[in-house]
Amino acid sequence: PIWAPDPRRAGQYKIIGRTVKPPDLPTADLTLYERRGVIPFQLAKIGCQFNFYEVSGQCNDLSNFLSGWTDYVMIYSNALVMDKDLGGRTAFADDKAVEDKLSLKLADIYPVGALGFGETAAAQVNREVTDIVYGSTGQCGDCGPADDGTQRIYAITKSSGAGSPGLPGQLEYSLDGGITWTPNDITGIGSASDPTALDLVGSNLVVVVPADTAYYYTPLDTLGRPTTWTKVTSGFVAGAAPQDLFVLTSREVFFAGGSGYLYKATDVTAGVTVLNAGAATTSNLQRIHGQDETLVATGANSTVVVSFNRGQTWARTSADPSAVATNVQAVAVLDANRFWVGLGLGRVMYTLNGGLTWNEKAFSGAGAGQVYDIVFPTDDVGYFAFATNTPSARLYATINGGADWTNTAPRVLNLPTHNRTNRIATPRGSSDPATAANNVALGGLSGGGTDGVIYIGAATRL
């Protein structure tokens, strides 16, 4: 507590604030029986981190990791063994088997549940949604309306095209978790220009518009509403328009562009500088993502370029994720070694060594459509958006770092029929991984192929 003298009562004090210290890491004890005929693994040194998954439910086979649970799965994330207790080394006491207890220190403990989806903004969104983001971090109401990180959502739509009525791309936003939506015109955007990406840069919302070789930004007010739009073209090169952006910090905003160009903005109100003028590749770059020092941009001709020094230098990965030239149109970077990418050929690839080699992740329908986006809100939980050539959109989910993926119950309870999901959004910067892992927003194209759709998915929390 931070105390100060009470101005109204002599000799009394009042709390004017509280100091906040980082919380301790969670701990757990794991008790294991020893099996005969083998050396139990717990007797050897366990030096690497590992996960445990506690499956909860009834009436199903709980040993079925993907579909045997009905309530939730508790993730004990990144456990380190701190101590061992091998007990009395006898099975005679109290008729017990020989037990060993491991004392664990964990990075986090959080549940993942069943995601139920529903459409929102149906009346407002009448054109394809090209990107969607959550726009706030969790806060308790000290700095504005209370928000667990799911209340502010922003989405952009395509234009109606060059014909009549020639409506430009538009911003749609919600400040109440997707219950109500408000349209907002992006001032100055071309009537046939399609926005392709948006994100939050500090208190500014930035929208990338390749046809205008520019991005547009608007400061958000304290409630999260857009204000005045400004067009920025400074630093962009003709024929190398920006396609996507990644925000590492508000002073480090990276753009992937045509002809292999990569840009950086240290002040989004002032424009960009060229980081790489097509030296790493001349292929058009479509997506960019990163984590800490590592940045990865992907695009046409199976191209993946990487920087391990926050964008100072770039090079093509030692191996391409596909021997057949295709668009690499989805990317998620977990760390300097682990990247996941989605291909226009409808395949998902991953690397565990920074792009030296690639592995394919099998899933139902692979190779018969396209993968449009892939995200990991936590180290364990991830999603990718896939659509077959039928077309029929699907959302695949993992809760064990990509080892297993499913698009069915219980993790994905339902997904309304639609053409494709262009982008997946999850809550940002939440101190609660359960919030990040159990809320998702999808933006894309309706089943009819003309209307836009926004779907909100959430696990029930009481």
Side-chain angles (χ1 to χ4, degrees), residues 117-136 145 147 149-161 165-201 203-212 214-231 244-245 247 372-373 375 385 393 416 418-428 439-458:
F117 286 86
E119 185 174 5
T120 184
Q124 291 84 2
V125 176
N126 54 21
R127 285 166 280 159
E128 183 175 0
V129 176
T130 55
D131 202 357
I132 186 168
V133 297
Y134 284 91
S136 57
D147 189 347
T150 67
Q151 296 305 292
R152 299 181 185 181
I153 311 173
Y154 302 89
I156 47 174
T157 68
K158 280 187 173 183
S159 70
S160 60
L167 299 173
Q170 194 173 47
L171 173 73
E172 302 281 347
Y173 69 94
S174 173
L175 304 178
D176 54 14
I179 298 174
T180 60
W181 290 81
T182 303
N184 181 263
D185 294 330
I186 304 171
T187 307
I189 189 174
S191 61
S193 298
D194 293 333
T196 58
L198 85 160
D199 211 338
L200 268 292
V201 181
S203 60
N204 293 302
L205 187 66
V206 176
V207 174
V208 175
V209 184
D212 296 352
Y215 62 78
Y216 295 76
Y217 76 89
T218 178
L220 300 177
D221 66 16
T222 56
L223 297 179
R225 297 171 299 188
T227 54
T228 302
W229 288 94
T230 302
K231 180 180 181 180
D244 193 23
L245 80 162
V247 182
Y372 289 94
D373 200 13
V375 301
H418 63 294
N419 190 306
R420 62 174 172 262
T421 292
N422 290 316
R423 292 279 193 157
I424 305 166
T426 56
R428 62 179 63 224
N439 292 274
V440 63
L442 312 177
L445 182 64
S446 69
T450 57
D451 196 10
V453 292
I454 295 175
Y455 299 124
I456 303 294

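Quick caveat: nothing in here was measured; it's all calculated off a predicted structure.
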* Asked: Are the charged groups of R127 and D194 less than 4.0 angstrom apart, N to O?
  -> no

* Asked: Can a donor-acceptor pair be found between the side chains of S193 and D212 at a distance below 3.5 Å?
  -> yes

* Distance, nearest 0.5 Å, that separates CD of E172 from CG of N184 -> 9.0 Å

* Short side-chain to backbone donor-acceptor contact, S174 and I153, under 3.5 Å -> no

* To do: Report the C-alpha distance between Y173 and L220 in whole Å, list the side-chain angles of each, state the deciding distance to 0.1 Å, and finish with yes or no for side-chain contact (heavy atoms from CB on, under 4.5 Å).
  => CA-CA 11 Å; Y173 69 94; L220 300 177; over 6 Å; no

* Could you tell me which non-hydrogen atom of Y154 sits nearest to which non-hydrogen atom of G135, and how far apart they are? => CE1-CA, 3.7 Å

* Asked: Counting only N and O atoms by type, is there a donor-acceptor contact under 3.5 Å from the side chain of D373 to the main-chain atoms of I424?
  -> yes

* Asked: Looking at P416 and F117, what are the two nearest heavy atoms and their distance?
  -> CD-CB, 3.9 Å

* Asked: So, the side chain of T120 versus the backbone of G178: is there a donor-acceptor pair under 3.5 Å, distance only?
  -> yes

* Measure the spacing between CD1 of I132 and OH of Y134 and express it to the nearest 0.5 Å. => 7.0 Å

* Test log, rule side-chain contact (heavy atoms from CB on, under 4.5 Å), inputs D199 and V206 -> CA-CA 6 Å; D199 211 338; V206 176; 5.8 Å; no

* Over all atoms of both residues, closest heavy-atom pair of R423 and T196 -> NH2-O, 3.7 Å

* Distance in Å, I454 CD1 paired with E119 CD, rounded so as to fall on 0.5 Å steps -> 8.5 Å

* Asked: Distance-only, no hydrogens or angles: does the T426 side chain make a donor-acceptor pair with backbone N or O of V440 under 3.5 Å?
  -> no

* Over all heavy atoms of both residues, which pair between L198 and D131 is shortest? Give the atoms and the distance, please. => N-OD2, 2.9 Å

* Structure fact -> In this structure, OH of Y216 is separated from OG1 of T187 (nearest 0.5 Å) by 9.5 Å

* **Non-neighbouring partners of D221 that pass salt bridge (charged side-chain N to carboxylate O under 4.0 Å, His left out), sequence neighbours left out** => R225

* Within-4.5 Å side-chain heavy-atom neighbours: L200 and V247 -> no

* Which value, rounded to the nearest 0.5 Å, describes the distance between I156 atom CD1 and L171 atom CG? -> 8.0 Å

* Euclidean distance, T180 OG1 relative to L175 CG, rounded to 0.5 Å -> 7.0 Å

* Structure fact -> Closest non-hydrogen atoms of T150 and P427, given as atom of the first, atom of the second and distance, are CG2-CG, 3.9 Å

* **Between W229 and D185, a side-chain donor and acceptor under 3.5 Å** => no

* To do: Determine yes or no for a side-chain-to-main-chain donor-acceptor pair under 3.5 angstrom, with T421 supplying the side chain and G443 the backbone.
  => no

* Structure fact -> On a heavy-atom basis, the closest approach of G169 and I186 is O-CD1, 4.1 Å

* Structure fact -> Residue set satisfying side-chain hydrogen bond (donor to acceptor under 3.5 Å, both in side chains) with E128, at least two apart, ordered chain then number -> K158, R420, N422

